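Every chain is numbered from 1, with letters handed out A, B, ... down the list of sequences. Just so you know, these numbers come straight off a predicted model, no measurement behind them.
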Number of protein chains: 2
Amino acid sequence: MQSAFCEIHRQGFQAASIANILQDTGLTKGALYHHFPTKKVLGLAVIEEIIKERLEGLIFKPLRESERPIEMLLEIIATIDKKVPSDFVMLGCPLNNLMQEMSPLDELFQERLAGVLGVWQKTVEGALKRGQKQGEIRAEVDYKAAALFVVSAWEGCIGVAKNMRSPKAFGTCMKQLHGYVQGLMPAKVEKGRRKGA
Amino acid sequence: MQSAFCEIHRQGFQAASIANILQDTGLTKGALYHHFPTKKVLGLAVIEEIIKERLEGLIFKPLRESERPIEMLLEIIATIDKKVPSDFVMLGCPLNNLMQEMSPLDELFQERLAGVLGVWQKTVEGALKRGQKQGEIRAEVDYKAAALFVVSAWEGCIGVAKNMRSPKAFGTCMKQLHGYVQGLMPAKVEKGRRKGA
DNA sequence: GCAATTACATACCAACTGGTATGCATGTGT
DNA sequence: ACACATGCATACCAGTTGGTATGTAATTGC
């Protein structure tokens with residue numbers, strides 16, 4: 001599974017070679033096709049068991065369990081670039097990669113990926129909503145739209161940084177997203193001076 | 001060229017089939033390979049001659065030539081979903097698609113794509129800078145970082161909407177980006193009431 | 001201790017892939 | 001009018017792909 005994830009992550013699903021995975025793991029074709037009927041099923045399993053779980057541990061769970069969701073959201077956004085393997089800047093977000101590649105080509109992929117993305121969105125949404133109750137987010141904010149945008153921009157930042165091959169660009173880009181979320185907060189006096197950008 | 005663009009747009013570069021392009025255009029393999037030595041060169045030509053030019057006409061040129069760059073930027077962001085073929089929501093931004101697919105795999109692709117992206121970024125940057133001179137953008141705004149973020153979020157919105165297969169999601173997402181740009185403006189009284197989100 | 005299922009390994013295959021070698025017809029420069 | 005380059009068409013090729021058919025060893029159920 002790990003090997004399959006790795007191969008798919010750096011080649012994309014279609015270009016991922018079964019032969020490479022076999023060579024990497026030392027397995028034989030018979031062994032693999034005994035457990036997975038098709039390459040597609042293997043790919044879907046990677047989404048569900050690897051990609052989803054990683055996001056769960058890295059983002060979803062902390063965000064759901066925090067008592068100060070906005071603070072946590074801001075912290076995650078600010079530090080995500082350090083909590084992730086360095087090659088992720090070069091290779092991009094596995095979820096986004098698969099979305100861009102497979103969504104138009106295969107409904108099942110699209111559904112599964114949309115499922116994971118949906119959890120992400122709902123999690124951020126929940127955080128914003130709770131933050132709104134705590135008065136950390138202004139009352140008139142459309143938290144659903146904001147959550148959608150946060151996730152979208154997030155993926156966008158990774159994608160652009162990947163193309164530019166620049167961890168630094170990723171950092172400054174996420175900092176802007178950080179600023180956007182801060183912009184949803186009431187304009188009270190804050191510890192750090194409120195930066196416009 | 002148009003046919004090649006189309007094929008690449010919906011299959012991705014690697015999965016794009018030369019045979020399909022030939023069938024679609026009625027050309028023969030000899031004819032194509034007479035003008036393009038390799039598939040890769042064909043792909044690069046598509047980037048330069050089709051994708052770049054489209055963005056140029058749709059975004060870069062209006063933005064560069066406008067005397068009220070911020071107004072123009074906001075308008076483009078607000079209306080881009082109507083100025084683009086409907087299947088672009090399903091298929092995504094051709095530039096972003098290629099970036100996600102090819103950047104880690106091929107340096108030349110990465111460079112060319114980064115070039116186009118750079119123009120985009122520089123164009124937005126120029127707009128923000130001019131807007132700053134006009135007092136439309138607050139003085140303390142880091143316009144370079146903001147421009148990078150605008151482009152990133154832009155692509156992110158398209159990418160997510162593509163996965164969700166939802167033009168509506170694209171619209172609401174771009175509306176948030178619209179809000180972000182407005183957030184860079186001075187907090188003076190505006191025609192439309194300043195919406196927080 | 002025998003039957004049957006599971007877990008693999010090997011060999012093989014049809015379908016495509018991008019790319020090329022060759023052939024030929026039409027200009028084109030001199 | 002003759003040499004030569006250009007523009008294209010056909011046929012072909014080696015490599016790779018995902019997938020399968022067949023065989024065999026190990027495990028399990030009874």
Please table the atom pairs, donor to acceptor, closer than 3.5 Å between any side-chain atom in residues 72-83 of chain B and protein atoms at least two apart or in another chain.
residue, atom, partner, partner atom, Å
T79(B), OG1, E75(B), O, 2.8

| Quick one: is the NZ or CZ of K40(B) closer than 6.0 Å to the six-membered ring centre of F13(B), and within 45° of its axis? | no

| Salt bridge present between R10(A) and D87(A) (N-O < 4.0 angstrom) | yes

| field | Within residues 23-41 of chain B, residues whose heavy atoms come under 4.0 Å of DNA chain C | value | K29(B), Y33(B), T38(B), K39(B)

| request: Could you list by number each residue of residues 4-17 of chain B showing a heavy-atom separation from DNA chain C of less than 4.0 Å, or answer none if no residue does? | output: A16(B), S17(B)

Once side-chain hydrogen bond (donor to acceptor under 3.5 Å, both in side chains) is applied, do any residues pair with [X], and if so which ones, sequence neighbours excluded?
X	value
T28(B)	none
Q121(A)	none
Q132(B)	none
E56(B)	R64(B)

How long is the line joining [atom1] of [X] and [atom2] of [N], in whole Å?
X	N	atom1	atom2	answer
I21(B)	dC16(C)	CD1	C1'	15 Å
I18(B)	dG19(C)	CD1	P	6 Å
L22(B)	dA11(D)	CG	C1'	14 Å

| query | Taking it one step at a time, do K162(A) and N97(A) satisfy side chain to side chain donor-acceptor pair (under 3.5 Å)? | reply | CA-CA 11 Å; K162(A) 163 182 166 184; N97(A) 290 358; 3.0 Å; yes

Do any N or O atoms of the protein come closer than 3.5 Å to N or O atoms of nucleotides 22-29 of chain D, and which pairs are they?
none

Atom pairs under 3.5 Å: protein N/O with N/O of nucleotides 23-26 of chain C:
none

| field | salt bridge (Lys or Arg N to Asp or Glu O under 4.0 Å): pairs with one or both residues in residues 13-38 of chain A, sequence neighbours excluded | value | none

| Got a donor-acceptor contact below 3.5 angstrom from the E7(B) side chain to the S17(B) backbone? | yes

| Listed partners of K122(A) passing side-chain contact (heavy atoms from CB on, under 4.5 Å), at least two apart | E125(A)

Residues 165-173 of chain B side chain polar contacts: donor-acceptor under 3.5 Å, at least two apart:
residue, atom, partner, partner atom, Å
R165(B), NH2, S103(A), O, 2.6
S166(B), OG, K168(B), N, 3.4
S166(B), OG, A169(B), N, 2.8
T172(B), OG1, A169(B), O, 3.2

| message | Over 60° means perpendicular and under 30° means parallel, so tell me whether F88(B) and F5(B) are parallel, tilted or perpendicular. | response | tilted

